[in-house]
Amino acid sequence: MKEAEIRRLLAANLLCVFSIILTAVLPAFFWKGFTVLGTHVAWLCICSVCVSTLNVILHLVLRPNLTPKRNSFAHKISRFLKCCIYFFMSCILFHAIIVLYGAPLIESVTETFLFAVLLSTFTTLQCLCILGPNIQAWIRVFSKNGAMSIWESSLQITTVGSILGAWFGAFPIPLDWDRPWQVWPISCSLGATFGYMAGLIIAPLWIHWNRKQLTYKSR
Amino acid sequence: LADSGRRVVFMGDDTWEGLFPKKFFRSYFFPSFNVKDLHTVDNGILQHLYSTVDSGDWDMLIAHFLGVDHCGHKHGPDHPEMAKKLTQMNEMLRSLVDHLGNDTLLLVAGDHGMTETGDHGGDSEKEVNAALFVYSKTPLFGTGPPEEPEAVPQVNLVPTVALLLGVPIPYSNIREVMAELFSGDGDAVSVALQQLLVYHINAKQVDRFLHSYSLVAQDLPVEQLQRLQELFSSAVEEHAQLLAQVQGATLVPPEMESRLGSLIGRFQLYLREARAVCTQSWARFHPLRMVGGCILIAASCLLCYVASELAAASDSFYRSCLLYPLLWGLMVAVLVGLARVFTQEGLDLLLVSSWAAAASQLGFFWHWRGQHPKRTRLVGSQPPLASVSLRQRLRAWLGLAFPMSILLFRCGAMFSDSFVVAEARVAPFLLASLVLLLVGKLHWDGRLTVPEGPKQQLLGFSSYRREIWYLLCLVAMLLICVRLSVFFHQCREEIPQCRPSLFLSPLASLRNTRAKNLFYLLCVALLAGLVYAVRSWLRHYGNLNSSDPLVLFVRWGFPLVVLCIACYWAVASSADDSLGKLQELVQVAVVAFPWAVYGLASMGLLLLLCNPMTVFAKDTRESAGSIVTPYLGVPSSEVDFLHVIPQIYKRMQESQKSRLERGSCKATVAAYGLGSVYSAALVIALTLLGFLLMLLHSERLSLAFLLLFLEAFVLLHIHTRARGLAGDAEPFSVPWYAVISWLLAASQFFYSTGHQPIFPAIHWNAAFVGFHLDHSTNLLPAVLVGANTFASHILFAVGCPLLLLWPFVCEMPSSQKRKPKKEPREELQEVEEHMMEMRLRESPEKFSAALLQLGLKYLFVLGTQLLACVCAAMILRRHLMVWKVFAPKFLFESLGFVVSSICLLLGISLVMRVDCAVSTWFSHLQLR
């Protein structure tokens, strides 16, 4: 049972990684002049949209979480609306935090906001998919011994990975190498993406190696 | 020049008098130090210049005009005042040219340029390039002036002027002459010959200098000297040959010209190479001493760390580990000093003191090792304890990892020139990360959530405690503070697109009167707000009730100080010429108000030292019945008492309590504000220091200072909250993250008060706050400028003990909430909870040990930063950017280290002083 689930997780995560790589490569065939660095804003849009659609589809197909007890149509609609509101709020929150961390306030505001959207896709959307619009559950997952399934462990790892990646992405900005990717927010968004991808790959492996120690409380 | 009998006349800057006392044939000195005085020197020179020139009673006349320089300092290059000054200089030159004789050479040179703010002293393009204007009635240049004149090193002037005046080139010159000035008229060959002659003289002089120098000092490499020697002798030989040929032949053959040219080139080559050899060998380092210094600093850091980790040790441990090694060190110092004296090597103070420090550290580590086995044996005798302690130690290491990694990042950033340049952004970034990491870690450990009840467990929910919102608000406030502080940054020239913050320039430079008034009002309002905040804080903790001189000072002196500062700002920021007749009054006011602030602030500090108690004691022994029912017998009345007079804390003194319990005397002493007596003293001191430092900065930087106080306050609260939530550890040790965040904030506000670790960014204006005329000594302006530069270091270091005290101060509210639910039986324990800082009095050894430990932790973090800086400067000493980035950074960092350590000592000693005062107060109470 567990092995099969880990395999499913691995497949889903690899699919995500693959889709991110595709977003960097594929549009260049349709759109002349597209590069991740050159047309960064476009890539940010494409990447967030792709990753979010893929995640939603995966979530619908795999259904890792327990199905809610009430299953009426109205309930679903309200859930969906709630999810949208949460996602939007998380974008705003990330934007605020990024600006407080020292991003320019007025210049390149679109880039900053899209970066916030990307970060939200990597973190909040995953939470929404797996846990639903349930803040209490989020709080539980992000504490020690809080994860209750391998999906939640994977969620922990990918979220921490993308945020750490974004944080480390800020480091090369002041360096005087004069590379095109040292511009705000390219290095940060690349860092977040790489962190997310690393998290996606590491999560199944880590769970596989530690599967003896990982005993999830069933509730 | 004077020795060779020439008459040198000087007029202008009186700095020259100190440089060349009694060398001038005639001199007109004018006071120069006051930067705001644009006209004294220039007008003085103009009075004497033309008459002196016309009298012809001189061989060389030096006129040092200072107005342009001062104008640049005061107003910057793009100011109407500067235009006026430059026009005046132009007029002067025009009329001077008319006065010149035919055989006179006029050299007009600026000794430096200026940055966009009008300062200099750095090494940027704009600062080191200046114009040189050469004029003579007799033609000097053979050809017309070149289109794009190349820049001439300033030191080239020395040999050129010497030869033009016909005196020998100064002995120690190693630069080349400016050949263009020796062209004269005539054909190319004679010009070349003339230049050759000049070069020959120059080369001979340099050779002589190198020769005698290499005899005295051995630091020039031998083989290179040899090569230079060969180059020189071959060139001289060829020169002699050529001369003979030229004299022999009446008609100079055309190929001669090219030979002459090549010979000139060889002389030039020789001169340049000689100079290169000299600069290379004179810019040499002492690697051994550098490594020694680094090891010393590293060992000190280790010492601080080890000593701060050994908190639980007893008093005797500190004596054996800290005092004896000090004696050891002194002994070794004396021994080494004596040895040096006996061996006639001359006393190198630096070396002796470093040996002493090394010896004392060795002593410390030796003692520590001596102590260590004992401790391990103690632990080893109890095997179950040992395993527990091992696990605990592992956990402690993990806990240490995250603040230490932030510190590591900070230190690593010192090794990259880009990060040093961008450090103004790095420090706030790391501070924000540290605080967010702290919150994240608390969350991860589940400290923020309420322990799950059985009902919640079913749902899988867990809810936050209520305090978390408070903590999150604090964090958000801190982040906003950090972000806002970025607006006060000064610029470095390495970042060309950067514009210096508009808050840095003084209000006087604002043209728009409305904006000026607005900013002025804002600054004054903020100042008043600060005073109000401090006063209300003190009132909240009941420290404003007594009628001691200090409290009176806080009540009435603080507003007075604010009034003085406001008046000073008003006077200083008003336009110079707008007041017309009131000029005299303004001059007086500009000096008087700062002095009033200095006086008041120092009076306040003295009062603080004399009587730091801000406690109002109400002795209720006589009239116990009227105010409060006796303590004994009816415990619930204690609650009533607190309800009757809220926000007043009460301290039952131990002896009194015991007497009460014996029932011999039904009395109690209510002391208002005793619970926060230590912090109150520190807060008052900090506020006074803040006033002083604000006075030294430009008006609008008071906003930055307000942010500083706010951020420090928020940091303290976050620290307290986080500690309360973590709910671990003994209360007497300050965790590392608090110390590191405190220091990060200190370095963040170094930048946010408009400073940068480069010399052009020093606020020299600070030296003239309260001094209109020049200073008599150099000490006072140095202190003023130093205080200006290291303002945030000073404030944060003095406030460091607050990190220890604050959790005690803030413990009250939480216990008050729980109060009504408590059973009367627990009342006694509740009283204990109210003791706040008086808990520290309970265990004096622990208190002093905690203070020492906090100081050591602070020093460790400071020292680690310094070590990183030193190592960076040492490893990268041949780096392209060393003189621009690493060396100034190292200088600023080490000065900051010294200032911080001194201020830390002052802060701690202030706390000790309060402690003494509290002890005497208690003994008085006991006597009564």
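Below, chain A is the first sequence line, B the second, and so on; all start at residue 1.
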*So do the side chains of A:Leu175 and B:Phe419 get within less than 4.5 Å of each other, counting heavy atoms only?*
yes
*asked:* Less than 4.5 Å apart, side chain to side chain, heavy atoms only: is that true for A:Tyr101 and B:Pro428?
replied: no
*Is A:Phe87 atom CZ crowded by more than 12 heavy atoms from other residues, nucleotides or ligands, each under 6.0 Å away?*
yes
*Check: A:Leu100 and B:Val482 side chains under 4.5 Å, non-hydrogen atoms*: no
*Which value, rounded to the nearest 0.5 Å, describes the distance between B:Ser418 atom OG and A:Ile173 atom CD1?*
12.5 Å
*Which region of B:Leu436, side chain (C-beta onward) or backbone (N, CA, C, O), has a non-hydrogen atom less than 4.5 Å from a non-hydrogen atom of chain A, or is it both or neither?*
side chain
_Atom pair CZ/CH2 of B:Phe429 and A:Trp167 - distance to nearest 0.5 Å_ = 5.5 Å
*Do side-chain atoms of B:Arg483 reach the backbone of A:Ala103 as a donor and acceptor pair under 3.5 angstrom?*
yes
*Name the region of B:Leu430, side chain, backbone, both or neither, that has any atom closer than 4.5 Å to a heavy atom of chain A.*
side chain
*Sort A:Ala170 into side chain, backbone, both or neither according to what part of it lies under 4.5 angstrom from a heavy atom of chain B.*
side chain
*Should the heavy atoms of other residues, nucleotides or ligands under 6.0 Å from CD1 of A:Ile106 be counted, would the total exceed 12?*
no
